[in-house]
Amino acid sequence: MQSTLEKQDDAPAQVLQAARVNDRGPHVAIIMDGNGRWAERRGLPRAAGHREGIEAVRRVVEAAPDLGLSALTLFAFSADNWRRPALEVEVLMLLLRTYLRRDLARLVDNGVRLKAIGRRDRLPHGLAAEIQAAENASAPGRRLELTVAIDYSGRDAIANAAVGWLGDNSPPRAAFSRLLAWQGHGTGRDVDLMIRTGGEKRLSDFLLWECAYAELLFTAAMWPDFGPEHLRAALADFHNRERRFGGLSATPLLAAE
């Protein structure tokens, strides 16, 4: 029986090329946390925090290429976020739709390639089609690959890819990553730096496969306050770290005299 990966030639070209876009710089993933708390601390409705969060997305996306990023993945809505009040979910979906309509032309002009990962069958009517249209329009972009995780679960992504593997043997790691991306549940490449705003220190089911060797950075800054200066500082910290990937240090310790 032909395996799922052997059938990848049938997948859309823009999906199969997802990991090839401007792969010179690091891939940064961000859990954009703290919108609601940011608003509550100011006596505002939580929706106000989400609106300010969209402004933070604009700032960070525009700054990312000049800071050396080749890929940026943002956690916009998790599969567990459906548990939130219906009104808040409605606001989040409306803001996503608004972002697509208002910012698509700017993304295209700036060479940003947009794609979404996660389920699309539970999104409000017409939103999946708007996402697909935005992906198609921005496909030529080569400055930055922007991935937005919507109705996304890292555990579900891994489980679905495992079910999709039809061969008798376990796939190589690189092939499994491509399978995740082909199914629309993965980025197609490992994360180099994972940032979480808002002060919490957990991954919350985000890119569990891709973050196997990611450097982690947690900041108390709420997402609406996050900007290019925070991203610049995070990258400076990242570049000062030694990444060994299970090996030994490149600079052996001096023997004790």
Side-chain angles (χ1 to χ4, degrees), residues 18-19 25-38 46 49-50 53 56-57 60-61 64 69-84 88-89 92 96 115-120 122 145-164 173-174 176-181 183-226 230-231 233-246:
H27 175 194
V28 173
I30 304 179
I31 300 175
M32 305 179 293
D33 195 15
N35 289 343
R37 283 174 288 151
W38 180 93
R46 291 176 61 86
H50 294 309
V57 169
V60 170
V61 169
L69 273 66
S70 64
L72 175 66
T73 301
L74 303 176
F75 203 3
F77 190 87
S78 81
D80 291 323
N81 286 154
W82 293 110
R83 301 174 184 176
R84 294 191 177 189
E88 183 168 352
V89 171
L92 287 167
L96 175 58
K115 69 172 183 174
I117 57 174
R119 293 182 60 171
R120 302 192 186 190
R122 298 189 291 191
E145 181 178 318
L146 173 63
T147 303
V148 181
I150 309 165
D151 196 0
Y152 173 87
S153 162
R155 286 181 172 180
D156 288 351
I158 294 171
N160 290 338
V163 171
R173 290 183 181 181
F176 198 84
S177 294
R178 292 195 300 272
L179 179 56
L180 281 170
Q183 291 187 335
H185 293 287
T187 65
R189 57 182 290 186
D190 288 346
V191 172
D192 297 299
L193 173 63
M194 165 71 76
I195 301 170
R196 179 169 187 148
T197 63
E200 303 291 352
K201 298 179 180 179
R202 54 180 178 268
L203 294 181
S204 294
D205 199 19
F206 186 43
L207 300 180
L208 301 181
W209 177 270
E210 293 90 340
C211 282
Y213 275 100
E215 297 293 319
L216 306 180
L217 188 147
F218 303 100
T219 174
M222 300 295 174
W223 177 247
D225 293 328
F226 196 89
H230 296 88
L231 182 56
L235 288 167
D237 180 86
F238 166 76
H239 288 302
N240 282 328
R241 299 186 188 186
E242 182 181 19
R243 306 183 73 196
R244 296 189 296 276
F245 299 98

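A quick note: this is a predicted structure, and the numbers were derived from the prediction, not measured.
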| request: Go through L207 and Y152 one step at a time and tell me if the side-chain contact (heavy atoms from CB on, under 4.5 Å) criterion holds. | output: CA-CA 9 Å; L207 300 180; Y152 173 87; 3.5 Å; yes
| request: Might you point out which heavy atoms bring A234 and L193 nearest each other, and give the distance in Å? | output: O-CD2, 3.9 Å
| request: Name all residues meeting the salt bridge (charged side-chain N to carboxylate O under 4.0 Å, His left out) criterion together with D80; count only those two or more places apart in sequence or in a different chain, and write none if there are none. | output: R83
| request: Please confirm whether the backbone N or O of V28 pairs with a side-chain atom of D192, one donor and one acceptor, at under 3.5 Å? | output: no
| field | Main-chain N/O of R202 paired to R196 side chain as donor or acceptor, under 3.5 Å | value | yes
| note | dist I117:CD1 -> E210:CD (nearest 0.5 Å) comes out at 6.5 Å
| field | Shortest non-hydrogen contact from K115 toward T187 | value | NZ-O, 3.0 Å
| query | Between atom NE2 of H27 and atom CE of M194, what is the distance when rounded to the nearest 0.5 Å? | reply | 8.0 Å
| task | Determine, step by step, whether D205 and D156 satisfy the side-chain contact (heavy atoms from CB on, under 4.5 Å) criterion, reporting the C-alpha distance in whole Å, the side-chain angles of both residues, the deciding distance to 0.1 Å, and the verdict. | result | CA-CA 9 Å; D205 199 19; D156 288 351; 5.8 Å; no
| field | Closest non-hydrogen atom pair, G53 against N35 | value | CA-OD1, 3.8 Å
| message | Applying salt bridge (charged side-chain N to carboxylate O under 4.0 Å, His left out), can you list everything that pairs with D190, at least two apart in sequence or on another chain? | response | none
| query | Is there a side-chain hydrogen bond (donor to acceptor under 3.5 Å, both in side chains) between R189 and S70 once you walk through the steps? | reply | CA-CA 11 Å; R189 57 182 290 186; S70 64; 3.0 Å; yes
| In terms of ring plane angle, is the pair F75 and F206 parallel, tilted or perpendicular, where the classes change at 30° and 60°? | parallel
| query | Sub-3.5 Å donor-acceptor pair from the side chain of N240 to the main-chain atoms of A236, do we have one? | reply | yes
| task | Could you list the residues that satisfy salt bridge (charged side-chain N to carboxylate O under 4.0 Å, His left out) with E88, not counting sequence neighbours? | result | R46, R84
| field | From CA spacing to verdict: side-chain contact (heavy atoms from CB on, under 4.5 Å), V191, T73 | value | CA-CA 9 Å; V191 172; T73 301; 5.8 Å; no
| message | Suppose we screen for salt bridge (charged side-chain N to carboxylate O under 4.0 Å, His left out). Which residues come up paired with R122, at least two apart in sequence or across chains? | response | D151
| query | What are the two closest non-hydrogen atoms of S153 and A79, and how far apart are they? | reply | CB-CB, 3.9 Å
| Can any side-chain N or O of N81 pair as donor or acceptor with the backbone N or O of S78 at less than 3.5 Å? | yes
| field | Heavy-atom neighbours of R155 CZ exceed 12 at 6.0 Å | value | no
| message | With a 4.5 Å cut-off on side-chain heavy atoms, are V148 and F77 touching? | response | no
| request: Can you sort out the partners of F238 under ring pair (Phe, Tyr, Trp, His ring centres under 6.0 Å), two or more places apart, ordered by chain and number? | output: none
Show me the side-chain donor-acceptor pairs of residues 212-221 shorter than 3.5 Å, one per line, residues at least two apart or across chains.
from	atom 1	to	atom 2	distance (Å)
E215	OE1	R241	NH1	3.1
T219	OG1	A221	N	3.2

| query | Side chain of W223, backbone of T197: donor and acceptor closer than 3.5 Å? | reply | no
